[in-house]
Amino acid sequence: MQTATQIPHDVNYLDYKGKYKGIFGWIFSTDHKRIALLYMYSMMVMFVVGVALGLAMKLELIAPGQTIMGPQTYNSVFTVHGVIMIFMIVIPGLPAVFGNFMLPIMIGAKDVAFPKVNLLSWYFYVAGALLVIASVLFGNGTPDTGWTFYAPYSFKSGTNLLPAIFGAFILGFSSILTGLNFIVTIHRMRAPGMTWFKMPLFPWSLYGTAWIQLLATPVVGITLVLVALERIFGIGVFDPALGGDPVLYQHLFWIYSHPAVYVMILPAMGAISEIIPTFSQKHIFGYRAIIASTLAIAFVGYFVWGHHMFTSGMSGTAQYTFSVLTFLVAIPSAIKVFNWISTMHKGSINPEIPFLWAVSFIFVFMIGGFSGLVLGALATNVYVHDTAFVVAHFHFIVFGGVGFSFFGAIHYWFPKMFGRMYDKVWAKVGWAFFTVGFLTLYSPMFYLGMIGMPRRYYDYLPEFHAANILSSLGSWVMTFGLLIVVINLFRSAKNGAIAEINPWHGKTLEWTVASPPPVENFEEIPVYGEKDGPYEY
Amino acid sequence: MEKEKHHIVPYKTYFYILISLLVLTFMSIGITKINLGGYSVLGALIFSTIKSVLVLYWFMHLKFDQPFLRFMVGFVTLVFLAVIFITFLDYYYR
Amino acid sequence: MEQVSQHADPHYDQEANKLGMWLFIFTELLLFGGLFIVYSIYRFLNPEAFQLGAHELNPTIGAINTIILLVSSMTIAMSTSSLQKKNKGLTVLLLEITIMLALVFLINKYFEWGVKFDHGIWPGSEHLINDMSRGEILFFGLYFVMTGLHALHIIVGMIIIIVALKRVQNGTVNENRSSLLDNAGLYWHLVDLIWIFLFPLFYLIH
Amino acid sequence: MYILSNTVNASNFVTGVDKAFFLIMGISLVFLLGLTFTMLYFVYKYNNKKNPVATQIKGSTKLEIIWTVIPTILVMVMFYYGWAGWAPMQKAPKDSFNITITGRMWNYTFEYENGKKTDTLYVPMNKAIKMKLVSLDVIHGFYIPAFRIKEDVVPGREKMSWFIAQKEGSFELFCSEYCGMNHSYMYTYVKVLPQDQFNKWYVDTVKKVEAIVDSPTATGKRIMKNIGCFACHSVDGSKLVGPSFKGIYGHTVAVTTGGKEREVTIDDEYIKRSIYDPNADIVKGFNKGLMLSYKGQLSDDDIVQITEYLKTLK
Ligand code: HEA
Ligand code: HEA
Ligand code: CUA
Ligand SMILES: [Cu+2]
């Protein structure tokens with residue numbers, strides 16, 4: 001029951017002293033802003049692990065043969081790396097951090113629809129993450145199946161898979177609850193006068209994302225349960241020895257995991273759609289086209305999963321159907337890119353750091369997307385499937401896309417979230433190193449894939465050596481950039497200069513509240529009039 | 001908070017729905033007793049579909065709720081059917 | 001008691017609660033949906049074996065359980081009406097009946113599974129693996145997983161209904177704040193809905 | 001890049017695949033460069049120092065239609081070329097030369113119609129080769145980059161792949177689908193020989209000439225090499241997936257039999273059981289289910305040979 005304590009409106013959410021003290025004031029808080037930060041900090045912990053594993057792989061691959069670890073370790077490393085990065089960083093990533101923080105403010109609400117469920121979803125996140133970590137630390141060996149858990153290897157492997165599988169299952173639940181919360185919030189809690197087509201694009205992208213989370217995640221949930229049951233009881237559903245079909249596992253896995261890649265990228269695109277108009281001081285170009293493309297990606301993206309299985313022996317009919325659908329889902333992405341670039345046209349561009357991240361986002365996203373087209377075509381997919389080319393594709397688009405957008409978003413909203421400004425020079429230096437390092441790290445992998453180096457390879461033939469050295473060097477440059485960026489942000493959160501309420505002259509609602517925002521965001525719920533809109537500059 | 005709402009469904013509506021559901025259940029048991037070959041699956045599914053529509057519309061109040069809920073249910077069903085359909089493109093033509 | 005909860009709570013949004021529940025139901029539908037995909041594919045690949053397997057199951061128990069669930073669906077639906085009509089006693093009674101029916105369903109299921117175990121059929125059992133065709137192994141694997149998951153939902157549903165019952169009794173769920181009961185009802189109908197498909201797919205189609 | 005290197009036209013599929021590749025890359029590059037430069041130009045031209053007041057333009061339906069339709073056409077062209085390069089891979093000509101390829105953790109065995117088994121794929125040039133792909137344990141991927149072919153080898157399903165090699169030489173053959181610890185060592189070579197040389201090789205080995213064997217245990221070693229025991233067992237004492245063969249004959253090991261631990265001395269009988277029924281006794285410290293039974297693949301005779309060889313590993 002909500003007690004009728006008066007919540008003061010001049011206290012910001014960071015300083016607010018509620019019922020609980022210290023850390024409990026955070027982990028028992030149902031304030032969407034605090035939950036957002038809880039997510040951010042817990043993700044950061046996992047992220048450090050993920051990055052370290054990524055660097056370890058690059059170090060191992062710097063030369064053929066054993067460098068720093070054995071094959072079994074390498075396999076575990078890329079498995080845990082993939083599981084952490086996908087299930088714990090990029091899927092919750094923008095929705096759980098910026099969605100939680102900004103969505104209610106951007107639509108003029110005091111909180112999300114179900115604040116307690118929101119907190120619960122964070123608990124699920126932590127529980128899932130801990131289970132995955134438990135699978136690393138205890139039992140007979142770290143999981144070594146790859147993040148895809150392909151049958152039948154996933155029940156042949158003698159490693160400690162069950163906790164990892166259940167961990168992923170629980171993480172899925174966390175993601176479902178977040179999505180559910182967002183949909184209800186958007187349906188029920190928009191400020192008076194804010195019609196659907198006056199809603200900013202970031203909430204729109206969260207809306208599309210939430211539907212995918214809701215409809216796709218349960219499928220992978222049940223699939224993982226089946227794998228677990230297979231391991232425990234041997235029910236036979238995916239075990240060829242018992243009549244099951246391992247390819248059916250792949251269908252079910254990708255029915256979720258393809259839409260999941262759009263769970264990652266849609267909010268990233270949403271954040272970019274906020275940054276670009278703000279720094280161009282211009283109405284977004286083609287507002288409705290961007291909304292339509294968001295919904296189209298969410299919808300069509302549900303039906304293209306088979307492009308991960310072109311060599312698994314699907315029927316020919318299924319193969320070209322999936323190929324056509326894959327190409328169709330590329331078009332809404334194209335529309336977005338065109339609209340972003342057109343928004344810059346005749347704008348008044350202020351090339352601040354969030355904008356730089358946004359521009360570099362568009363660049364790497366295009367490269368990633370174009371390599372997706374190579375993968376979507378049947379003949380070329382057969383050639384580069386399961387090679388380093390795919391690894392390059394998804395690092396460009398997942399990590400390039402989501403990572404660049406995340407950093408754009410955090411530099412954009414940082415003054416609002418913490419009420420302080422970071423050091424802009426260091427931010428630019430970090431960005432420059434990061435971008436250069438990124439390109440050096442992943443571009444050689446395209447080449448490696450084109451000359452035929454399979455992925456998940458611990459060791460390789462000498463002809464792949466040169467490109468791998470370059471790539472490993474890149475990983476260091478990028479990490480250096482990352483360190484600069486992160487340290488800069490960390491220091492500024494405490495000691496940065498006090499930020500203005502609206503440093504970038506944005507027009508969305510979050511820029512109307514104090515920085516950091518007060519506990520319940522708005523003293524009075526804002527009302528949108530006829531003429532108001534998120535991008536009316 | 002919203003004033004209007006809550007259409008109270010009379011008990012007897014529910015009772016009639018139950019009777020129809022039971023009748024449909026027995027009909028579907030009956031139809032699978034006669035050998036229809038491959039069509040018995042289809043028959044049983046048709047009965048199940050009718051039953052689920054009854055449950056959705058009356059027991060679950062869709063009939064009295066806002067249209068967008070009905071739209072969502074329909075949409076989700078369609079998405080699911082499309083997924084099955086596409087999966088069968090693989091298995092049927094293999 | 002009734003007076004206490006009369007005052008409207010600004011945080012209470014009936015429509016939002018209902019929408020939230022429906023969204024949750026969608027995820028549940030797709031959770032089972034995954035299993036239905038598996039079922040339909042394997043049935044398509046092993047039609048004869050699935051018919052053989054279905055012969056092992058007892059349609060009578062299945063039919064009885066169907067009737068039980070349908071009736072319980074009606075009683076819980078009625079209870080939402082009776083709550084609106086401010087008939088607390090009847091609401092409580094109807095919910096109690098629902099819970100009893102759910103319990104009977106589970107008991108039936110217990111015996112049904114027991115019979116299978118007696119015949120040496122359980123996931124991964126030797127009888128299954130050594131003496132039965134691949135298709136039958138799949139059939140029984142799916143049978144146990146799907147009815148098991150369904151039974152799990154029955155249990156969860158019962159817990160929710162019990163909570164709702166308690167809240168109706170102490171008045172925190174009432175005609176103005178009926179979300180919990182409504183949602184318990186929705187959830188229960190979902191369980192019913194799934195059974196409506198499970199029953200013919202496993203027990204009937206010979 | 002293979003696409004530019006001397007493997008041009010190594011197989012009949014190269015042209016089709018590379019055409020699709022170049023087409024997509026070409027269109028992509030045009031767009032990538034075009035859009036990037038436009039973007040940079042805007043950032044420069046409409047910088048707020050030069051252009052302090054933005055002109056509010058909210059959109060243009062005409063443009064939206066244009067940039068929906070043009071990419072749609074382009075991707076359909078891409079689809080078409082992708083399809084065209086792929087379609088011929090689906091069906092092998094009737095008169096193909098048949099080879100059965102068996103994948104297991106972590107090697108491939110190639111079996112020819114005359115019963116010859118090898119660990120390297122030998123094929124004649126300019127002849128359609130049709131491969132039956134069989135997996136004994138998990139999914140593997142049969143991948144010859146130079147030929148542009150790849151097909152997963154799925155247990156429980158019979159799959160097919162085919163090609164016509166058009167260039168003499170030796171090309172890598174990888175396992176592309178992750179299959180456990182030594183996935184990256186699961187590679188071998190395709191040797192493409194002119195028809196006459198191939199015929200000679202093909203007939204030659206049929207005779208199973210014992211004469212070229214230099215020591216009495218070499219047969220055992222060869223059998224083991226071809227069927228892939230060394231993927232999991234070393235001969236130098238290092239622990240791979242399975243126990244090392246070094247000095248095992250006559251030694252005592254701790255094993256788990258049906259849940260109970262016991263000690264056994266390794267003799268002929270035990271070795272035979274380990275090969276035919278590997279899960280009966282599990283050596284302590286190793287996992288069940290990894291080694292598969294070789295029943296039907298190794299005869300009692302073969303096992304005698306293997307045992308002889310194992311005895312020599314002191
Ligand atoms: C954020 C995540 C994300 C996103 C958005 C995408 C987007 C796309 N992906 Fe990607 N993909 C992954 C993450 C993602 N992918 C991951 C993680 C894997 C590997 C999983 C694993 O195996 O471990 C993968 C694998 C993968 C495969 C399987 C590869 C294989 O294993 O064989 C394929 C095949 O079709 C594919 C295709 C595509 C396509 C066509 C798009 C499209 O949506 C891209 C659309 C974008 C553009 C096209 C660029 C912008 C457009 C323009 C600038 C305009 C001009 C455009 C035209 C002329 C068309 N992806
Ligand atoms: C988001 C996803 C993500 C990210 C960020 C990364 C980051 C890195 N990856 Fe990643 N990688 C995967 C997803 C990701 N990876 C997946 C799914 C696989 C496949 C696994 C499998 O095969 O099963 C894979 C596989 C993979 C391989 C191939 C293994 C193989 O096939 O043999 C390699 C090889 O070097 C590699 C290297 C790296 C390196 C060096 C980094 C890093 O060190 C780079 C450092 C990162 C940064 C500098 C910043 C990025 C910032 C953000 C993402 C936002 C931050 C958000 C918060 C803090 C909340 N990865
Ligand atoms: Cu076999 Cu990888
Ligand atoms: Cu995909």
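Each chain gets a letter, A, B and so on, in the order the sequences are listed, and its residues count up from 1. Just the heavy atoms: all of them, side chains too, but no hydrogens, waters or symmetry mates, feed the values below.
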Subject >> Top of B:Ala44, B:Pro10, B:Ser52 for chain C proximity - count of heavy-atom pairs under 4.5 angstrom >> reply: B:Ser52
Original post:
Which one, B:Leu69, B:Thr87, B:Ile84, leads in non-hydrogen pairs under 4.5 Å with chain C?
Top reply: B:Leu69
Is [Y] close to [X] at the side-chain level, that is, under 4.5 Å between some pair of heavy atoms?
X: C:Leu30; Y: B:Val76; answer: yes
X: B:Tyr14; Y: C:Thr75; answer: no
X: B:Phe26; Y: C:Thr66; answer: no
X: B:Asp65; Y: C:Lys18; answer: yes

Would you mind checking which part of [X] comes under 4.5 Å of any heavy atom in chain C, side chain (CB onward), backbone (N, CA, C, O), both or neither?
X: B:Val73; answer: both
X: B:Leu62; answer: side chain
X: B:Phe15; answer: both
X: B:Ile17; answer: neither
X: B:Ser28; answer: both

Any chance [atom1] of [X] has more than 12 other-residue heavy atoms, nucleotides or ligands included, within less than 6.0 Å?
X: B:Lys63; atom1: NZ; result: no
X: B:Phe88; atom1: CZ; result: yes
X: B:Phe64; atom1: CZ; result: yes
X: C:Phe117; atom1: CZ; result: yes

Original post:
Is the backbone N or O of B:Met60 less than 3.5 Å from a side-chain atom of C:His189, with the two atoms forming a donor-acceptor pair by type?
Top reply: no
Subject >> Donor-acceptor contact present, side-chain B:Ser48 to main-chain C:Phe197, <3.5 Å >> reply: no
**OP:** With B:Lys51 as the cation and C:Phe199 as the aromatic partner, state whether NZ or CZ is under 6.0 Å from the six-membered ring centre and within 45° of the axis.
**Re:** no
What part of [X] lies closer than 4.5 angstrom to a heavy atom of chain B: side chain, backbone, both or neither?
X: C:Leu45; result: side chain
X: C:Ile76; result: neither
X: C:Leu70; result: both
X: C:Leu90; result: side chain
X: C:Leu29; result: neither
X: C:Leu193; result: side chain
X: C:Ser82; result: both

Subject >> Intermediate values then yes/no, side chain to side chain contact (heavy atoms under 4.5 Å, CB included), C:Thr80 and B:His61 >> reply: CA-CA 10 Å; C:Thr80 54; B:His61 287 263; 3.9 Å; yes
Original post:
Run the side chain to side chain contact (heavy atoms under 4.5 Å, CB included) check on B:Met72 and C:Phe26 step by step: do they pass?
Top reply: CA-CA 9 Å; B:Met72 280 183 184; C:Phe26 296 155; 3.9 Å; yes
Original post:
How far apart are the C-alpha atoms of C:Ile196 and B:Phe47, what are their side-chain angles, what is the distance that settles it, and do they pass the side chain to side chain contact (heavy atoms under 4.5 Å, CB included) test?
Top reply: CA-CA 9 Å; C:Ile196 286 178; B:Phe47 279 107; over 6 Å; no
Original post:
Once the angle between the rings of B:Tyr92 and C:Phe44 is folded into 0 to 90°, is it parallel (under 30°), tilted (30 to 60°) or perpendicular (over 60°)?
Top reply: tilted
Subject >> Nearest atoms (heavy-atom pairs only) where C:Ser81 meets B:Val9 >> reply: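 The answer is OG-O, 2.6 Å.
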Original post:
Measuring from C:Asp192:CG to B:Leu21:CG, what's the distance to the nearest 0.5 Å?
Top reply: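 Result: 7.5 Å between the selected atoms.
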